[in-house]
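Lettering of chains follows the sequences in order, A, B, ..., and the numbering in each one begins at 1. Computed from a prediction, not measured in an experiment: that's the story for all the values here.
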Amino acid sequence: MTAVLEAHGFGKRYRRRTWALRGVDLTVPEGTITALVGPNGSGKSTLIRAWIGFERPTEGRLVTGGVDPRKDRGAAVGLVGYVPQSPSLYGGLSVAEHLRLAATLRDGFDVSLAAHYIDRLSIPLTALASELSGGEQAQVGLALALGTRARILLLDEPLASLDPLARREFLHVLVEAVRSEGHTALLSSHVITDIEQACDRLIVLGKGHTLLDLSISEALAHHRVIEGPIATPIPPDRLVGSFPSAAGEGLTLVRVPVAHDVSTEGPADGRPATLEEVVIGHMAAGRVRRTPAAVEAAA
Amino acid sequence: MILTATRLTYRINRFEIRAVLLAAALSVAVSALVVSWINSSGYVACINVYDTPSLKCLELMDIGRWATRIASLSLNLVPVFPFLAGLLLGTPVIARELDRGTARLAWSLGPSRMRWFVQRTSPMLVVAVVASFAIGFVAEWLVALFTPDVDLANSFAAFHQRGVLIATGAFLVTSVAVGLGAIVGRTIPTLLLALVLGGAGMLAIGEVDHKLLAAEAVPLSDSGGGNDLQLDSRFQLPDGRLVTWEELMVIDPHAMESEFGIQYPWVALGIPGTRYREVETREALIEVAFGLAFLGLGAFVVGRRRPG
């Protein structure tokens, strides 16, 4: 499958001291909806902004739809529809005026398509942006991105400020648009349930680099969770990380071979991991040292 | 497309545009009323009359004084207008968009930031120049009314207070605010910085221009009246040389000791009124050139910076 977003040894350092990301190697295949997950400060926004040319890599190289955004930012922007965490609409303009504004800025912007999505989300075209809720503003941001008819969509935590219903509507429109148009979307989010519903691929960032890069089904098939203390030693290469459950019970995420035989598994093999546990386990691994002693202590 | 972009820029910055246009319209309307009344009432014949006023002039004097005060106030505010209009129109164009994050939306939608820059700045520059040109034109009208004997095309009367220099001054300040806004990216700091740098810039241009003019100064004849731009003065020695006071004290230390004061003739140096249009055009071009430099700086920064 062709990769439309690529990072090769990508690193970004701010103020000559702090590395937001370093040594990131990943690819986003064409036609997928990929979730980009990681704790606050893990560099998700930096990576997304770099793919659209808003950040310049300190080291390494990025590719956006075959274009290096550092060398040709205009071409990269032309291939991308971008939805930032805060849509930052023009407060004094109506929704319809935002669509016309987009048409003046981008040749080929499809005003009627964007208006169609706005209409589906029941947002009045005549409403001023300042009168819209945060959720509605995010949805207008999505409609603007879809109106570009760009084949790559970069969505930087657009769900953060949305209520559950608005999140559901947002994702529904996104998934439908991506599937019908054959787009590729990269969605950064903290909300794992939404990712599970909408995405088919998962990238976990932590400690400034890639912790996991798999399809959702692979991520679920390749991980298991052991509840409570670990009875038998686990090989270091299988141990991912330990973290507490919502009830405070110690959980340990372990990797399993691809061909895991469920019929022969014993209690030491644990139970199937949920996507949330996969994500949290890898995020925990990115935060603490992965020594058996630390794992035992956490468990 | 251009019309739509212009209309949207107007909608985005409607408060600032309306404020500037309203102030300009008000100034033009009041000045037109004053000029119209002075002409229609016959008070024009009473201006600059130092003999015993006629009975009609005495009758019109009360209203005439008010009309004159309003006209003077309007003329005194003219040099301030391009400064305020430039700050008000230039600051929000880039700085506020970076401040509020709308630049990020626009830059993610449009592959060409230059198109966005031109779409945003052009209407604001046009408003600044047109409004200031109207103010400068009306100011010229008022000056002509109160100095009917002066040919304003050949006179430095009310220099910097009338004509095209008001418009080019507004262009310069607007461009400075646009350029600084692109660098600073915050509205209030840009406003303050543009206030300081715009003022300093105009003073600097005035100073440079003064030096250029001083280098070209010639002895002024008495017949120039109030039309010439006097820049300096010298004492004329019997051999025709022109010297400063300090030079004179070295040449003739006893020059002050005469009971009739200094006996050397005093000569005014400056630019004859006949060169007014030439000097005005040169200064206008300098302001436009500096303005374009700041716009270029703004465009360069917009093309390279992060959207905030």
Side-chain angles (χ1 to χ4, degrees), chain A residues 12 14 45-46 48-56 67 69 72-94 96-109 111 114 128-130 137 140-141 143-145 147-148 150 153-156, chain B residues 1-19 88-89 91-124 181-182 185-187 299-308:
Chain A
K12 177 68 187 177
Y14 289 108
S45 295
T46 300
I48 287 178
R49 287 159 60 96
W51 263 317
I52 197 173
F54 286 178
E55 301 281 356
R56 295 170 74 82
V67 171
D72 192 352
R73 187 189 54 220
V77 170
L79 293 169
V80 168
Y82 172 64
V83 183
Q85 185 174 1
S86 161
S88 302
L89 304 176
Y90 291 88
L93 295 188
S94 69
E97 285 172 325
H98 274 86
L99 305 189
R100 286 200 285 275
L101 180 83
T104 66
L105 291 167
R106 189 170 186 129
D107 298 328
F109 182 84
V111 174
L128 289 177
S130 57
Q137 290 193 22
V140 171
L144 287 169
T148 61
L153 294 170
L154 296 175
L155 302 101
D156 187 4
Chain B
M1 197 61 81
I2 293 170
L3 273 178
T4 307
T6 305
R7 203 181 67 78
L8 289 170
T9 299
Y10 163 74
R11 291 270 297 149
I12 291 166
N13 302 290
R14 55 187 176 271
F15 169 75
E16 293 79 11
I17 291 177
R18 280 179 192 169
L88 201 59
L89 293 169
T91 304
V93 179
I94 308 294
R96 192 170 60 196
E97 293 231 14
L98 288 166
D99 212 356
R100 293 186 178 175
T102 48
R104 188 176 50 220
L105 174 74
W107 295 359
S108 69
L109 285 169
S112 169
R113 290 188 187 178
M114 218 37 59
R115 184 194 288 193
W116 172 84
F117 184 78
V118 172
Q119 283 180 0
R120 287 290 171 280
T121 52
S122 304
M124 305 302 261
R186 293 280 180 272
T187 311
F300 175 76
V301 174
V302 159
R304 293 186 64 83
R305 70 165 291 155
R306 291 160 61 194

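Taking each heavy atom of B:Ser108 and A:Phe54 in turn, the nearest pair found is N-CZ, 3.8 Å. Here the closest non-hydrogen pair linking A:Arg106 and B:Pro111 is CG-CD, 4.2 Å. Residues B:Gly101 and A:Ser88 approach most closely at O-CB, 3.4 Å, considering heavy atoms. Nearest heavy atom pair, residue A:Leu89 against residue B:Leu105, reads CD2-CD2, 4.0 Å. Taking every heavy atom of both residues into account, A:Val77 and B:Trp107 meet most closely at CG1-O, 3.5 Å. Between B:Met1 and A:Thr104, the shortest heavy-atom distance links the atoms SD-CA, 3.4 Å.
In this structure, chain A has heavy atoms under 4.5 Å from both the backbone and the side chain of B:Thr102. With a 4.5 angstrom heavy-atom cutoff, B:Arg100 touches chain A only via backbone atoms. For chain B, the nearby parts of A:Leu144 are the backbone and the side chain; heavy atoms of each come within less than 4.5 Å.
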Take B:Gln119 and A:Leu105, measure what side-chain contact (heavy atoms from CB on, under 4.5 Å) needs, and give me the verdict at the end.
CA-CA 9 Å; B:Gln119 283 180 0; A:Leu105 291 167; 3.5 Å; yes
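Counting non-hydrogen atoms of neighbouring residues, nucleotides and ligands closer than 6.0 angstrom, the CZ atom of B:Arg304 reaches no more than 12 such neighbours.
Residues B:Glu97 and A:Tyr90 are in side-chain contact: their nearest non-hydrogen atoms beyond the backbone lie under 4.5 Å apart.
Rounding to the nearest 0.5 angstrom, the gap separating the CZ atom in B:Arg306 from the CZ atom in A:Arg49 is 6.0 Å. Note: B:Arg7 CZ to A:Leu101 CG = 11.0 Å, rounded to the nearest 0.5 Å.
Put simply, of B:Pro307, B:Ala106, B:Ala103, the one with the most heavy-atom pairs under 4.5 Å next to chain A is B:Pro307. Chain A forms the most heavy-atom pairs under 4.5 Å with one residue out of B:Thr9, B:Ile2, B:Thr4, B:Ile12, and that residue is B:Ile12.
The main-chain N or O of B:Ser112 is never found under 3.5 Å from a side-chain atom of A:Arg73 such that the two would form a donor-acceptor pair.
Salt bridge present: B:Arg115 and A:Asp107 bring a charged side-chain N and a carboxylate O closer than 4.0 Å.
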